[in-house]
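Report on the following structure.
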Amino acid sequence: MKRTNALIVGLVCAGGFFLSCSQPLLEETESVVHDTTPKGVATEYVKNMNMWANLSYGRSALDDAPCMDFLEDCDMQDEDGNSIKFSELDADVQKSIFEQYQNQEIEHATEVLEKDEELLEIIKIDNEALSSMRELANRSSAVNNSGGLFLSLYIKKRTSLLKQAEVAWNLEKSSSSERSSSSSKGDLVELHSNDLNPASVQKFKAAYKKGRVLICRDSSSVTSSGWGLYIGHAAMMSEDSWNPKWEEDGLSKTTISAWPNDGKSVTWKGKIDGVQKEPLAYWAGNSNGSAQHVKILQMRKKVVKIRWLWIFPYIWFDFSSSAGDADKAVRYAEEHVGTPYSLVGDIVDTVLLSGVLQEKWWTNSFYCSQIVWRSWVEANGNYDFSQCMPIIFPEHFELTFSTTPITEYKNY
């Protein structure tokens with residue numbers, strides 16, 4: 001399951017050289033007209049995965065051939081439940097399965113984006129950043145063939161575009177709410193026991209189930225605000241069942257994730273750096289430091305089922321999940337309590353110098369969405385929706401077939 005392919009950056013002094021060149025390169029990129037409908041955005045998003053796949057397996061970013069390697073890790077079965085090895089299938093059959101897989105991912109992502117205008121805007125930005133990288137790769141063989149450089153410049157471009165959008169989003173929010181983003185101001189906000197929002201607590205309580213994933217994208221919850229990524233936050237419900245006493249104490253620890261103890265993001269009594277339990281007041285609170293727009297998702301492990309129509313394959317996805325898998329996922333996260341937090345910026349610097357694009361598999365440090373994703377993958381590899389993405393953002397949980405929405409609510 002774990003990717004081991006390394007992409008070695010060409011120059012020993014690559015870090016300083018590439019970083020000094022990155023800004024002029026980014027400024028020279030030309031704007032591209034995109035299809036901004038939900039279907040167009042979803043199609044571009046799914047097909048952009050081919051660039052990451054090519055780089056992950058040591059190929060050119062601009063290689064247009066379908067990179068199907070990730071399908072080697074998928075559990076594939078025929079109608080009777082017999083296992084099928086993707087690598088043993090005929091080349092034309094492999095291509096047909098890959099195209100059907102992509103089309104079903106596009107259909108699912110389209111449905112999600114049609115219901116969420118905010119997420120649609122974020123994925124538009126991600127597509128624009130990757131489009132800029134395609135232009136750079138066309139002009140620079142170093143960018144085209146270096147996973148580390150490609151990722152570093154992509155993050156810089158994505159950050160720049162999100163910062164521009166963040167200004168507009170905050171202006172819009174401030175017109176409809178007195179609440180403002182604490183981390184975007186750089187102010188330290190502390191959660192307290194009396195910070196609970198009763199309506200949000202009831203939504204949270206009704207959906208509470210061990211292992212369920214929580215995400216938010218508002219900038220008040222940005223854990224990597226120091227690097228300006230505005231990626232939101234992700235966590236996992238960690239206890240066996242709801243405890244009525246939690247409603248009396250906003251600091252009860254009900255979820256698990258990874259946080260920096262950096263004096264910038266929201267804080268609470270007993271907060272540490274790295275993987276840890278989180279208080280209820282973060283996900284269902286009234287504080288400026290509480291998550292604003294919360295979504296709760298159920299993870300589903302995916303099996304690719306194949307039905308043969310004469311010599312042509314037809315695929316669909318078979319889903320399941322279990323309490324046992326949730327126990328395993330939470331146990332993995334709990335075993336890593338105290339493991340340091342990793343800022344995405346630090347990750348990119350490491351990738352740039354090492355050339356290892358699949359840093360998401362390293363366990364010496366974690367960021368929020370990484371520990372949640374990794375915990376479920378450790379429970380069962382069929383929960384892995386990441387394909388060849390080098391970084392896991394909270395929105396990736398929404399856009400995958402491997403989750404189903406349970407509920408959502410707002411704390412403002």
Side-chain angles (χ1 to χ4, degrees), residues 1 42 45-46 49 70-79 81 83-84 86 97-98 100-116 119 123 203-204 206-217 232 234-241 255-257 294-307 314-333 360 368-389 392-408:
M1 176 63 63
Y45 167 80
V46 171
M49 294 299 168
F70 73 91
L71 288 170
E72 297 284 357
D73 294 328
C74 291
D75 186 353
M76 293 189 178
Q77 300 175 3
D78 64 19
E79 295 178 80
S83 180
I84 296 174
F86 183 74
I97 290 174
F98 174 77
Q100 291 182 59
Y101 190 102
Q102 276 203 322
N103 288 336
Q104 293 196 40
E105 290 281 10
I106 289 169
E107 288 179 12
H108 174 78
T110 299
E111 291 177 5
V112 173
L113 295 177
E114 286 175 340
K115 300 174 184 177
D116 192 331
L119 180 59
I123 303 305
K203 282 270 193 176
F204 187 91
Y208 197 86
K209 187 176 182 180
K210 191 174 188 178
R212 280 185 173 165
V213 174
L214 304 99
I215 61 171
C216 60
R217 294 189 301 270
M236 185 167 51
M237 294 176 173
S238 59
E239 306 308 311
D240 290 322
S241 59
T255 55
I256 190 166
S257 186
V294 179
K295 293 188 176 183
I296 299 176
L297 311 169
Q298 176 66 50
M299 294 295 297
R300 307 187 297 176
K301 60 186 175 186
K302 177 172 59 183
V303 177
V304 180
K305 301 288 284 190
I306 301 177
R307 174 181 297 149
Y314 167 75
I315 77 165
W316 72 99
F317 297 135
D318 188 25
F319 298 104
S320 65
S321 60
S322 71
D325 289 338
D327 286 338
K328 292 176 183 177
V330 171
R331 188 180 311 122
Y332 179 85
K360 66 186 179 185
C368 63
S369 44
Q370 178 197 11
I371 184 61
V372 176
W373 163 80
R374 181 64 187 271
S375 295
W376 273 100
V377 173
E378 288 292 325
N380 188 306
N382 290 324
Y383 290 105
D384 188 6
F385 58 81
S386 66
Q387 297 185 25
C388 296
M389 292 182 292
I392 307 297
F393 290 131
E395 61 261 27
H396 292 152
F397 285 92
E398 287 187 85
L399 289 171
T400 172
F401 264 116
S402 294
T403 62
T404 187
I406 301 300
T407 191
E408 63 180 289

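Because only heavy atoms are used, hydrogens play no part in the values below, and waters and symmetry mates are left out as well, while side chains stay in.
- To the nearest 0.5 Å, atom CE of residue M236 and atom OG of residue S257 are 8.5 Å apart.
- I97 and I306 make their closest contact through CD1-CD1, 3.6 Å (heavy atoms, listed as atom of the first residue, atom of the second, distance).
- To the nearest 0.5 Å, atom CG of residue D384 and atom NZ of residue K301 are 14.0 Å apart.
- Side-chain contact between L399 and L113 is present, with heavy atoms from C-beta onward closer than 4.5 Å.
- A cation-pi arrangement is absent between K302 and F401 under the rule of less than 6.0 angstrom and at most 45 degrees off the ring axis.
- Residues T255 and L214 form a side-chain contact, since some pair of their non-hydrogen atoms from C-beta on lies under 4.5 Å apart.
- Across all non-hydrogen atoms, the minimal contact from I371 to S375 is O-OG, 2.6 Å.
- Residues C74 and V304 come closest through the heavy atom pair CB-CG2, 4.3 Å.
- Within the model, atoms CG of L71 and CZ of F86 stand 4.5 Å from one another, a figure rounded to the nearest 0.5 Å.
- Residues K210 and D327 are paired through a salt bridge, judged by an N-O separation under 4.0 Å between the basic side chain and the carboxylate.
- Here the NZ-CG distance, from K295 to L119, works out to 6.0 Å after rounding to the nearest 0.5 Å.
- A donor-acceptor pair under 3.5 Å is absent between the side-chain atoms of Y383 and the main chain of R374, judged by distance alone.
- E111 meets the side-chain contact (heavy atoms from CB on, under 4.5 Å) test with no other residue; sequence neighbours excluded.
- To the nearest 0.5 Å, the span separating CE on M76 from CG on D318 amounts to 13.5 Å.
- Partners of T407 according to the side-chain contact (heavy atoms from CB on, under 4.5 Å) rule, which considers only residues two or more places apart in sequence or in another chain, are K203, A207, I296.
- Applying the side-chain hydrogen bond (donor to acceptor under 3.5 Å, both in side chains) criterion to R307, with sequence neighbours excluded, gives E79.
- Note: Y45 and H396 have tilted aromatic rings, judged against thresholds of 30 and 60 degrees for the angle between ring planes.
- With sequence neighbours excluded, the residues forming a side-chain contact (heavy atoms from CB on, under 4.5 Å) with V46 are Q102, E105, I106, listed by chain and number.
- Note that OG1 of T404 is 12.0 Å distant from CD of E398, once rounded to the nearest 0.5 Å.
- Side-chain atoms of I392 and F385, non-hydrogen and from C-beta on, do get closer than 4.5 Å to each other.
- Here the closest heavy-atom approach between residue S238 and residue Y208 is recorded as N-OH, 3.4 Å.
- Without hydrogens or angle criteria, T403 side chain to F397 main chain gives a donor-acceptor distance under 3.5 Å.
- Remark: F98 pairs with no residue by the ring pair (Phe, Tyr, Trp, His ring centres under 6.0 Å) rule, at least two apart or across chains.
- In this structure, the side chain of Q100 engages the main chain of I315 through a donor-acceptor pair within 3.5 Å.
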Assess the residue pair F70 and Y101 against the criterion (ring pair (Phe, Tyr, Trp, His ring centres under 6.0 Å)); give the C-alpha distance rounded to whole Å, side-chain angles, the decisive distance to 0.1 Å, and a yes or no. CA-CA 11 Å; F70 73 91; Y101 190 102; 5.5 Å; yes
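- Partners of A326 by side-chain contact (heavy atoms from CB on, under 4.5 Å), not counting sequence neighbours, listed by chain and number: W376.
- Between A234 and I215, the shortest heavy-atom contact is CB-CG2, 4.0 Å.
- Considering only heavy atoms from C-beta on, M237 stays 4.5 Å or farther from V330 through its side chain.
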List the steps and the verdict of side chain to side chain contact (heavy atoms under 4.5 Å, CB included) for D78 and K305. CA-CA 6 Å; D78 64 19; K305 301 288 284 190; 5.8 Å; no
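- Residues S386 and K360 bring a donor and an acceptor atom of their side chains to less than 3.5 Å of each other.
- In this structure the side chain of E378 never reaches within 4.5 angstrom of the side chain of R331, judged on heavy atoms.
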